[in-house]
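This report refers to the structure that appears directly beneath it.
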Amino acid sequence: MRILIFGGTNFLGRHTAAAALERGHEVTLFHRGQTNPGLFPAAEEILGDREHDLDRLAGREWDAVIDVPGYVPRIVGASARALAPRAPHYTFISTISVYADLPRPGMDESAATAVLPEADSEEVTKYYGELKALCEREVEEAFPDGALIIRPGLIVGPHDPTDRFTYWPVRIAE
């Protein structure tokens with residue numbers, strides 16, 4: 001399978017790329033070259049910023065797209081629309097934070113999502129869940145029959161640049 005991964009050199013994207021390569025897939029990483037360039041010699045790298053350089057993906061086709069670092073609906077929408085004619089499937093890594101109410105037993109993906117209170121805001125740190133919900137809609141509009149939206153809770157593990165999880169085990173151990 002030919003897979004295009006946005007990012008792919010840091011944390012979750014890094015693990016995604018490694019898993020795809022281990023399974024023998026042809027992987028293309030589209031990233032800015034700021035974190036771990038050349039990490040995967042077996043993967044093709046296309047350097048660029050998805051906000052301005054989507055034209056670097058022109059004339060290419062993939063079997064699937066995986067979008068790990070998408071946070072801004074305008075940018076995710078442009079990416080999805082640009083790739084809709086070039087790939088039948090788009091996986092978007094979202095978050096459980098998209099829900100309007102905190103998750104509770106029995107909830108499923110049909111639960112209401114958060115609404116952005118400032119219509120033009122792109123402040124990810126202030127409106128993380130709301131912006132991710134809008135990103136989901138952009139992907140679903142561009143890929144009505146080929147979108148997969150994943151809404152995980154807290155993702156932790158090796159290469160996590162935030163060190164969110166390990167703080168508590170280390171503190172308890174001390």
Side-chain angles (χ1 to χ4, degrees), residues 1-54 56-57 60-84 86-99 109 113-114 122-125 127-143 146-166:
M1 182 181 285
R2 293 166 299 151
I3 303 171
L4 171 65
I5 301 175
F6 282 106
T9 60
N10 192 29
F11 193 34
L12 182 58
R14 175 183 184 151
H15 292 288
T16 303
L21 289 166
E22 286 171 11
R23 286 168 178 76
H25 297 295
E26 236 179 86
V27 175
T28 302
L29 306 175
F30 182 68
H31 65 98
R32 297 173 294 175
Q34 295 178 348
T35 306
N36 301 314
L39 179 63
F40 298 110
E44 175 187 17
E45 290 186 314
I46 300 175
L47 297 182
D49 185 320
R50 66 195 280 184
E51 185 170 5
H52 307 288
D53 302 318
L54 288 173
R56 295 181 186 174
L57 303 176
R60 307 282 304 277
E61 291 187 1
W62 291 273
D63 299 307
V65 176
I66 302 175
D67 188 341
V68 178
Y71 299 103
V72 178
R74 170 180 56 82
I75 297 169
V76 170
S79 302
R81 285 187 299 278
L83 291 164
R86 298 186 183 110
H89 178 83
Y90 197 109
T91 296
F92 181 73
I93 309 301
S94 188
T95 173
I96 200 168
S97 298
V98 300
Y99 292 112
E109 64 276 2
T113 56
E122 292 184 348
E123 292 182 62
V124 176
T125 56
Y127 298 120
Y128 174 70
E130 294 88 341
L131 290 169
K132 281 286 208 174
L134 292 172
C135 289
E136 291 181 4
R137 288 190 201 120
E138 293 286 343
V139 170
E140 290 169 334
E141 285 177 19
F143 286 81
L148 172 62
I149 306 298
I150 299 174
R151 293 178 175 166
L154 186 62
I155 301 173
V156 297
H159 309 291
D160 179 355
T162 67
D163 201 28
R164 292 173 289 201
F165 176 74
T166 55

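Every value quoted in this text rests on a predicted model; they were computed, and no experiment measured them.
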| task | Check step by step if side chain to side chain contact (heavy atoms under 4.5 Å, CB included) holds for Arg50 and Asp67. | result | CA-CA 11 Å; Arg50 66 195 280 184; Asp67 188 341; 2.6 Å; yes

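- Checked by atom type and distance alone, the side chain of Lys132 pairs as donor or acceptor with a backbone atom of Ile93 at under 3.5 Å.
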| task | Go through Glu45 and Phe40 one step at a time and tell me if the side chain to side chain contact (heavy atoms under 4.5 Å, CB included) criterion holds. | result | CA-CA 9 Å; Glu45 290 186 314; Phe40 298 110; over 6 Å; no

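- Annotation: the span from Ile150 atom CD1 to Ile96 atom CD1 amounts to 13.5 Å, rounded to 0.5 Å.
- Applying the ring-ring contact (aromatic ring centres under 6.0 Å, His included) definition to pairs two or more places apart or across chains, those involving residues 5-29 are Phe6-Phe30, His15-His159.
- Remark: the backbone N or O of Leu47 is paired with a side-chain donor or acceptor of Arg56 at under 3.5 angstrom.
- Under the 4.0 Å criterion applied to side-chain N and carboxylate O atoms, Glu138 and Arg81 are assigned as salt-bridge partners.
- With hydrogens and angles ignored, the 3.5 Å screen pairs no side-chain donor or acceptor of Asp63 with any backbone N or O of Ile3.
- A distance of 7.0 Å separates CD1 of Ile46 from CG of Leu4, quoted to the nearest 0.5 Å.
- Here Glu51 pairs with Arg74 in a salt bridge; the nearest charged N to carboxylate O distance falls below 4.0 Å.
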| Could you walk me through whether Tyr71 and Glu122 pass the side chain to side chain contact (heavy atoms under 4.5 Å, CB included) check? | CA-CA 9 Å; Tyr71 299 103; Glu122 292 184 348; over 6 Å; no

| task | Would you check, one step at a time, whether the test side chain to side chain contact (heavy atoms under 4.5 Å, CB included) holds for Arg60 with Glu44? | result | CA-CA 12 Å; Arg60 307 282 304 277; Glu44 175 187 17; 2.6 Å; yes

